[in-house]
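Scroll down for the structure; my scribbles are underneath it.
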Amino acid sequence: MPVRSGAQLSRKLGQKKQRLSEAERHQSPPGGTPTPSPQEPRLALGPQRSIYFSSPRGAPARLGLDFFDQPAVALARAFLGQVLVRRLDDGTELRGRIVETEAYLGPEDEAAHSRGGRQTPRNRGMFMKPGTLYVYFIYGMYFCMNVSSQGDGACVLLRALEPLGGLETMRQLRTSSRKGSTGRALKDRELCSGPSKLCQALAIDKSFDQRDLTTDEAVWLEPSPPGPREPAVVAAARVGIGNAGEWTHKPLRFYIQGSPWVSVVDRGAERNTQV
DNA sequence: CGCTCGATTGGCT
DNA sequence: GCCAATCGAGCGC
């Protein structure tokens, strides 16, 4: 069952982009060399961090209601750089820095599941208190993960993470949930570069729907470690929403410019981005 | 790189 | 029935 095709090889090389300029300051350079060996300069700790460091007597760094209780656009931007943590049943901690989000504004937003005030058992999480998860099943096989914000029926979709810890576990989770057992190892950049990829990598499924990020034992958000400087944020059109009238092209997707971990780059939007 | 297309099933207009 | 806030293979350039 070797499925070695020519296309697989031809796509191998030849990806050298010029948009890495800003990113290299903050994260590991991706495509410059065929096989980036020393991945992750700083935060290359193992899956499990020191227990002394991470949780000094039940006072872990965790973002609370005051963080989530802001309008969807503000929250979508505020998410960038923060670290999502998923603790598996066996204690393994998976960590990723959020690099891409989308805001869904509520009833008036024609691209939102809550458009027109629709409230159903499925999207109930969108209407719950800020910080509540809304996880839904899509395309017959995937999940997407949202966080409720301030505003009725408003939320933020998490679209991409920079994996920081537990990468091998993420790789296993991603690989095993794909059907074709081609055996080819996923690159780091394929682990969390998409809303359903990150759900696979973090083992987030429907059972996480309506959980509270401010109190849940298995998933939470930690404040961004202080960086050298604020990264530029690109505001672009949202992905995959089809035709939603005037809402189709509104700049409600946000990502860290130059980050190699983003799922979809929008060159046009980047031309309008202040640096 | 960039495009097209099939997979697969829960949730509803 | 029909559609869906996706993914990854396959193929052309």
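Quick note on labels: first sequence line is chain A, next is B, and so on, each numbered from 1. Everything numeric here is computed off the predicted structure, so don't read it as measured data.
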Working for side chain to side chain contact (heavy atoms under 4.5 Å, CB included), residues A/E100 and A/F79: CA-CA 8 Å; A/E100 181 184 355; A/F79 266 135; over 6 Å; no

Which residues satisfy the salt bridge (charged side-chain N to carboxylate O under 4.0 Å, His left out) test with [X], sequence neighbours excluded?
X: A/D205; result: none
X: A/E190; result: A/R184
X: A/D266; result: none

Please report the C-alpha distance between A/Y255 and A/E102 in whole Å, then the side-chain angles of each, then the deciding distance to 0.1 Å, and finally whether the side-chain hydrogen bond (donor to acceptor under 3.5 Å, both in side chains) criterion is met. CA-CA 9 Å; A/Y255 66 85; A/E102 282 178 3; over 6 Å; no

Of the residues in residues 139-151 of chain A, which ones touch DNA chain B at a heavy-atom distance under 4.0 Å? A/Y139, A/G140, A/M141

Determine which bases of DNA chain B form Watson-Crick or G-U wobble pairs with both distances under 3.5 Å, and write the result as a 5' to 3' dot-bracket string with | for other-strand partners. |||||||.||||.

Within the side chain of A/S224, is there an N or O that forms a donor-acceptor pair under 3.5 Å with the backbone of A/Q82? no

Round to the nearest Å and state the distance from A/Y136 atom OH to C/dC3 atom P. 18 Å

Among all residues two or more places apart in sequence or in another chain, which pass the side-chain hydrogen bond (donor to acceptor under 3.5 Å, both in side chains) test with A/S196?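 Once residues adjacent in sequence are excluded, A/S196 has no partner under the side-chain hydrogen bond (donor to acceptor under 3.5 Å, both in side chains) criterion.
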
Residue pairs involving residues 154-175 of chain A (criterion ring-ring contact (aromatic ring centres under 6.0 Å, His included); sequence neighbours excluded):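 Listed once each, the pairs would be none.
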
N/O-N/O pairs, protein side and nucleotides 11-13 of chain B side, under 3.5 Å:
unit_1 : atom_1 : unit_2 : atom_2 : d
B/dC12 : OP1    : A/T120 : OG1    : 2.4
B/dT13 : OP1    : A/R118 : NE     : 3.4

Through direct or indirect side-chain contacts below 4.5 angstrom among Ile, Leu, Val, Met, Phe, Trp and Tyr, which residues connect to [X]?
X: A/V239; answer: A/V264
X: A/Y134; answer: A/M126, A/F127, A/Y136, A/I138, A/Y139, A/M141, A/Y142
X: A/L65; answer: none

Ignoring backbone atoms, test whether A/R253 places a side-chain nitrogen or oxygen under 4.0 Å from the OP1 or OP2 oxygen of C/dA5.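 Indeed not, no polar side-chain atom of A/R253 lies that close.
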
What residues from residues 67-84 of chain A pass a heavy-atom cutoff of under 4.0 Å to DNA chain C? none

